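First up is the structure itself, then whatever we jot down about it.
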Amino acid sequence: MSDTEKLQEEALTAIVGADSLDALETLRVGYIGKQGSISGLMKTLGKMTPEEKQVQGPLLNGLRSAVADAIAAKKSELETDALNAQLASEKLDMSLPAPDAPHGSIHPVSQVMEELAEIFADMGFAVAEGPEIEDDWRNFSALNIPETHPARAMHDTFYFPDKDAEGRDMLLRTHTSPVQIRTMTTQEPPIRIIAPGRTFRSDSDATHTPMFHQVEGLVIDKDIHLGHLKWTLETFLKAYFEREDIHLRLRPSYFPFTEPSAEVDAWYTLEKGRRVLGGHPDDANEGGWMELLGSGMVHPKVIANCGLDPDVWQGFAFGCGIDRLAMLKYGMDDLRAFFDGDLRWINHYGFDALDVPTLSKGVGA
Ligand code: PHE
């Protein structure tokens, strides 16, 4: 056997036996790399006589390409092996049961907002929104609460130090009523909206938090009267509390932005020491009237402030605390716990994220 043949046999044996890509690379460098042994032999061609070259040239070139081919073949074999090993280690058993997915739950306030949207959508109301940072024109002046009005002081308003671009005082809205203004100044009547959202007053005890939630209702159309207001509220409360025996009392009251104004009370009875809406004042039961919300016919000045003709358009509005609605329906007794962020509370009172309230199923059931 010639030297070339011996070298070739030795190289091919080593290449076939290489057990990793690293080992194969070491062999490649050793044989056909710049300083490799076969490369060294190739360099000797230059010093040979033409006759020697004629014999050695094809031999050495054959050796070199045999080794290079063997390395390429081995390389692709090792790469395939590595891919197969990786695929095998990443195999998923599709027949295994799914692991417990981490899940959160829906806060009762969000749940009640969904329920309200569902109930009022059924009566043809759209959901409107406004910003939590308001200007004092929309929060007060346009609602017929002038600067000197005692209602401004009553609201315990959080003001910002700076004014907006139009020179108006900026504040955290004290009620959702500014959404009435935003809606009437941007939409053509007839209007039927509810506006749920956050509201803020500098007030804090067991039944008051500085941030709380309200839902505003607004209807603007022709020939609207108090009867429409009462029917709407009754229909809403019956659907929300899922009982027919809801009885309301409209008690004369005062709000600058409604005339006449009415506080709406609902009859409650005691069930296991808890106040539950329902029953009738004429029934022999232990109960009483509970104040639920403020309402009234939208003041003509408010309608005019929004650029509408109060001789053509009338309507009613109401504002109701959402947190109270949630407490009454789902039986929580401390408002502050709503906003403590305690996981035990939300795990107990929260709702399944996939359980979307619908009227047909019974909202919140
Ligand atoms: N904005 C009033 C409040 O926060 C409630 C209300 C709304 C009253 C609409 C009448 C009409 O107390």
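No experiment lies behind these values; they were computed from the predicted model shown. As the structure lists them, so they are numbered: ligands from 1, and atoms in each ligand from 1.
- Salt-bridge annotation for E242 and K329: present, with a side-chain N of the basic residue lying under 4.0 Å from a carboxylate O of the acidic one.
- No N or O atom of T174 sits closer than 3.5 Å to an N or O atom of ligand 1.
- Salt bridge present: E134 and R182 bring a charged side-chain N and a carboxylate O closer than 4.0 Å.
- Ligand 1 lies less than 4.0 angstrom from a heavy atom belonging to R201.
- The protein atom (non-hydrogen) at minimum distance from atom 2 (C) of ligand 1 is F257 CZ, 3.7 Å.
- Remark: among candidates S177, G321, A317, C320, the nearest residue to atom 11 (C) of ligand 1 is A317, based on non-hydrogen atoms.
- Side-chain contact annotation: S177 with E216, donor-acceptor N/O pair under 3.5 Å present.
- The pair D203-R201 does not count as a salt bridge, with every side-chain nitrogen at least 4.0 angstrom from each carboxylate oxygen.
- For residues 295-320, no pair satisfies salt bridge (Lys or Arg N to Asp or Glu O under 4.0 Å), with sequence neighbours left out.
- Within the listing of ligand 1, atoms 9 (C) sit less than 4.0 angstrom from a heavy atom of Q180.
- Less than 6.0 angstrom separates the ring centroid of F236 from the ring centroid of F120.
- Ranking protein heavy atoms by distance to atom 5 (C) of ligand 1, first place goes to G319 CA, 4.0 Å.
- Every N/O-N/O distance between E216 and ligand 1 stays at or above 3.5 Å.
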